[in-house]
Amino acid sequence: MRKEGPMILTVISSLVVVFSTYFFLGQKWNLMAPLNNWFQISYSIAMALGFINLTAIHGKYIQRKREGWFYSIILLVSMYAYLVLGMIQTHNGLQFNWIYENAYSPLSSSMFALVAFFITSAAYRVFRIRTKEATILLVCAVFVMLGRAPIGDAMWGGWSGFVNKWVMGTMNVAGMRGINLGIYVGAFATALRIMLGLERAHIGGSGTQ
Amino acid sequence: MMWLLAQEQAPVPTLGIFTTGSVIDFACVLVLGVIIWVMVARARTGRKIPDIKKIAGLEAVDEAIGRATEMGRPVAFIPGIQSVDNPQTLAAFGMVSHIARQCARYDTRFLALNCDPLPYAVIEEITRQAYLEEGRPDAFNPDDIRFLSAEQFAFVGAVIGIFERERPAANIMFGSFYAESMILAETGSFQGMIQIGGTANTHQLPFFVAACDYALIGEEMFAASAYLSKEPVMYGTVVGQDWLKIIIGLVIVVGAILATVSPDSTFLKDIIGGY
Amino acid sequence: MHPHISHDLAIWCQAICTLAVYTYLYKDNPIFRVAENVFLGLATTYIFVFQFFNYIKPAVIEWIWTNGEYHYILAILLGLAIFFRYVPSLSWIARYPMSFWVGYGTGYTLAFWPAVWLDQVTASFVALNSLQNILIFVGVLCTLVYFFFTLAKENPVVAGVAEVGKWYIMIALGSAFGNTVLYRWNLFLTRANMLLFKWLGFAS
Amino acid sequence: MERLMKIDRRLLYLVAVVVVAVTVFFPLGLPVKVSPLAVQTYDAIQNLPDDSVVFISNMYDPGAAGELSPMLKAMLYQCMERKYKIILGNTSWTLGAGLAHEIITPIAQEFNYVYGTDYIELGSKPGGVVWLQSARIDLAGAALVDYNNDPIGQFPLMQAVPKLTQEYVAAALVLDCGTPGAPDWLAQITQGTSMKLIVGEIQMTVPDALTYVQSEQYTGMIAGSRGCAEYEQLIGHPGAGLKTQDTMSVITLMITLFIVLGNIGYLARKK
């Protein structure tokens with residue numbers, strides 16, 4: 001029950017997906033819809049793990065008055081206050097969505113845009129031509145940027161045309177496709193290793209058999 | 001009316017049992033399954049399996065742990081930010097047990113920093129098991145396996161804080177990364193850590209190549225757990241991957257020759273697309 | 001060029017959040033850490049509330065109660081089983097939901113990926129009559145060879161082909177790099193536009 | 001040389017912010033050349049049969065709105081000029097619904113589009129891939145209500161399009177920035193059908209998406225903000241896409257300069 005049960009459940013659930021996609025009978029029985037719901041339901045419940053973990057960690061910080069414990073209070077208050085609001089109003093609630101649109105969403109997109117600055121300082125401090133590969137990569141990157149911004153064409157009329165057709169439309173397509181085919185094959189093999197029980201870290205094996 | 005609609009569109013199974021257009025798809029799954037099965041069976045009966053070439057990024061894992069040991073500083077591991085239904089996260093699990101064992105053996109601290117509660121739970125168990133198998137269950141410290149936050153950027157902030165406070169000597173990033181890859185790799189690189197990055201997310205790979213000491217590209221990371229395990233049975237599955245790629249390559253060659261010789265013929269495309 | 005500062009509370013809220021995040025560029029500071037922790041709290045909750053009202057509530061009320069699809073009770077129990085990881089002696093029960101999710105993900109990879117990537121294979125059936133097509137054909141094959149794990153790298157032919165593959169890979173990654181850099185700056189530009197035009201009210 | 005390597009990163013940030021601010025107020029006005037891909041995309045939309053129904057899916061939220069909202073706007077202009085019937089909606093991108101509503105409403109008024117007959121807004125539906133699967137079988141059943149929470153069965157347009165399949169929908173125009181996104185539309189809806197899949201990609205995913213354009217799985221693609229700038233010129237409605245291009249030029253120069261300077265320092269130190 002401890003090792004075999006989970007293994008069997010893994011195999012069965014993946015077989016159901018495969019069966020209902022590839023086989024006529026599976027499609028007719030329409031097992032996919034309830035299975036998708038099963039996934040979403042059980043997974044949504046597990047989302048509560050996030051609450052428990054954060055509450056436990058930050059509760060501990062507050063209790064021990066660890067450095068920065070004040071921020072932990074802010075975290076827990078905003079989390080639970082928003083939860084109460086959401087549970088009362090549902091996810092379509094007026095105030096609930098107002099907070100989402102005017103606090104969560106600008107915070108989130110500003111955080112994403114911070115990356116622009118990190119790239120800028122990394123350009124200066126980290127992106128080094130330390131290997132042959134990195135050199136090709138960086139030269140190509142600069143070349144592509146110049147082709148994607150109007151400045152390239154201003155320097156030489158054919159720049160964007162060259163980048164679009166040869167660098168991105170030819171070399172990049174071939175390289176990306178090769179990488180992607182490799183990824184598909186690798187992900188496939190990982191999936192099959194799991195189905196064959198060779199890789200079972202997720203059920204308490206020690207990584208590999 | 002409903003009945004009429006159903007009548008008019010009643011689909012017909014292909015070859016009796018398959019849904020439309022899925023014969024070849026299923027065949028691919030079957031072919032790789034059979035190849036892997038055969039290779040595993042060969043390995044189990046002790047027959048020879050071809051050797052796997054050296055993958056520099058994976059060889060460097062032991063080197064990185066060694067350096068952390070010498071310096072008496074921890075090894076940090078980040079399994080990407082996605083959950084257990086992503087194949088990349090699953091591939092990362094295979095890597096955890098290897099790193100955790102090495103760390104247990106050399107008595108080096110192993111810090112696993114997680115962004116999703118589910119991989120966190122799994123990694124904690126793998127690490128505990130690894131320390132147990134190395135005979136060092138006492139050295140396992142559950143506080144070193146951390147769940148930091150389920151939110152991407154809050155997670156990044158927490159990782160940067162840990163990098164600055166605990167100063168790991170090595171940073172191994174392995175799994176499905178997004179915008180955070182750049183920030184993590186920049187911070188690690190600037191602190192002089194030895195960094196190994198691996199992901200199959202092509203838009204983040206360039207940052208690993210440019211800012212890490214070693215990068216694992218796409219499929220290389222799916223082979224990692226097998227490679228590091230050094231077990232013939234797992235090697236067999238990697239050989240299976242190569243066979244599938246050889247088949248893909250041959251199909252492409254045949255297809256291209258056909259397209260060149262008779263440009264109007266869509267024979268092969270029709271078979272693959274039609275079934 | 002004269003600013004007309006917004007009187008809209010929503011815009012002010014957005015502007016404050018945005019500026020709070022960018023204080024981090026100067027250095028880590030209390031304002032940023034407040035923003036960060038509020039953000040983390042909101043994020044954790046939003047995902048849960050959204051999932052709750054779209055899956056857990058309908059499952060209980062509509063699917064189980066009204067429609068009598070009682071098998072969803074098992075799905076709920078399966079989800080709850082993950083909490084057994086806090087009970088050391090029964091923590092193995094938490095492996096059941098985990099294996100279900102992994103199995104689902106595995107099945108998904110096996111079921112839906114082949115159709116998409118087979119088209120990538122057939123797309124490589126290019127007529128070898130132009131330089132562009134030949135370069136694509138050669139590139140795909142060489143890149144595949146680069147990922148061969150069992151072929152001997154000492155063999156000069158294999159090594160050469162794999163080297164060409166590596167060039168292709170690096171050019172592809174270089175393209176990704178260049179485009180990503182521009183994209184990130186575009187995101188910042190959106191924030192800057194918000195601040196300059198919506199909040200401070202400069203005429204655009 | 002050593003001093004050059006130790007420049008405070010805050011100085012770099014300051015340079016970047018100043019550069020962006022200056023170009024926002026004083027654009028250079030460099031011309032943006034139109035690429036064959038933009039023309040191909042424009043033609044693909046232009047040459048759909050008259051009275052076609054197109055499904056425009058805004059699979060993004062405010063995070064990517066900077067690049068994708070101008071594309072949505074431009075696509076709507078072209079589709080309405082061609083008098084296509086439009087179904088607008090997404091799955092899983094909750095906040096996208098409000099964004100799209102603000103964009104489509106004024107344009108629909110401009111073209112005298114009648115709600116429910118000429119166009120309809122489905123809003124955002126939960127479920128992602130699962131929703132796509134069910135929409136393929138029964139669109140009205142999967143959507144139930146529209147953006148305003150009105151039952152969807154009453155609208156003539158929805159009665160004419162019972163399923164999200166090639167028989168009823170000529171093209172899917174998907175604005176894509178993550179998961180779920182265009183690859184899911186490909187796998188669940190358009191793969192192996194005659195329904196065209198035309199995508200608008202954020203700049204970041206353009207190199208990857210190009211492989212699908214070459215394989216003709218995507219009939220067309222608006223490639224990031226640059227692609228949008230080109231497309232806006234083709235439809236004759238210059239907009240936000242074009243405006244960003246000057247900043248991109250300056251940013252490119254700045255990043256290039258930083259990479260070169262950094263590496264000069266690196267090489268000098270190595271020797």
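Any value given below was found using the heavy atoms of this structure, including those in side chains, with hydrogens, waters and symmetry copies removed. Lettering follows sequence order; numbering is per chain, from 1. Please read all numbers here as calculations on a predicted model, not as lab measurements.
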Do [X] and [Y] touch side chain to side chain, with heavy atoms closer than 4.5 Å?
X: A:N36; Y: C:Y104; result: yes
X: A:L49; Y: C:F83; result: yes
X: A:L25; Y: A:F19; result: yes

Examine whether an atom of [X] lies under 4.5 Å from a heavy atom of chain C, and if so say whether it belongs to the side chain, the backbone or both; otherwise answer neither.
X: A:I194; value: side chain
X: A:S13; value: both
X: A:F96; value: side chain
X: A:V144; value: side chain
X: A:A81; value: neither
X: A:L15; value: neither

Show your working on side-chain contact (heavy atoms from CB on, under 4.5 Å) between A:T90 and C:V49 and close with a plain yes or no.
-> CA-CA 7 Å; A:T90 82; C:V49 170; over 6 Å; no

Has A:F23 got more than 12 heavy atoms of other residues, nucleotides or ligands less than 6.0 Å from its CZ?
->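 Yes, the 6.0 Å shell around CZ holds more than 12 heavy atoms from other groups.
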
side-chain contact (heavy atoms from CB on, under 4.5 Å) assessment of A:S44 paired with C:F52 = CA-CA 7 Å; A:S44 312; C:F52 181 87; over 6 Å; no

With a 4.5 angstrom heavy-atom cut-off, which part of [X] approaches chain A: side chain, backbone, both or neither?
X: C:W12; value: neither
X: C:L25; value: side chain
X: C:S124; value: both
X: C:F149; value: neither
X: C:I56; value: side chain
X: C:A123; value: both
X: C:L182; value: side chain
X: C:I47; value: side chain
X: C:L74; value: both
X: C:R33; value: both
X: C:F39; value: both
X: C:P58; value: neither
X: C:Y183; value: neither

Which heavy atom in C:F197 sits nearest to a heavy atom in C:F202, and how many Å separate them?
->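 Distance-wise, the nearest heavy atoms are CD2-O, 3.2 Å.
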
Minimum heavy-atom distance between C:I93 and C:P97, given as atom pair plus value =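 For C:I93 and C:P97, the tightest heavy-atom pair comes out as O-CD, 3.4 Å.
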
Using the ring of each side chain (for Trp, its six-membered ring), is C:F100 parallel, tilted or perpendicular to A:F39, with breaks at 30° and 60°?
-> tilted

Set of residues satisfying side-chain hydrogen bond (donor to acceptor under 3.5 Å, both in side chains) with respect to A:K132, sequence neighbours excluded |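 Counting only residues at least two positions away or on another chain, A:K132 forms a side-chain hydrogen bond (donor to acceptor under 3.5 Å, both in side chains) with C:E163.
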
Which one of C:F147, C:Y24, C:Y46, C:F48 has the most heavy-atom pairs closer than 4.5 Å to chain A?
-> C:Y46

Salt-bridge criterion met for C:R95 and A:E4 (N-O under 4.0 Å) = no

Starting from the C-alpha separation in whole Å, work towards a yes-or-no answer on side-chain contact (heavy atoms from CB on, under 4.5 Å) for A:F143 and A:F162.
-> CA-CA 10 Å; A:F143 209 80; A:F162 183 82; 3.6 Å; yes

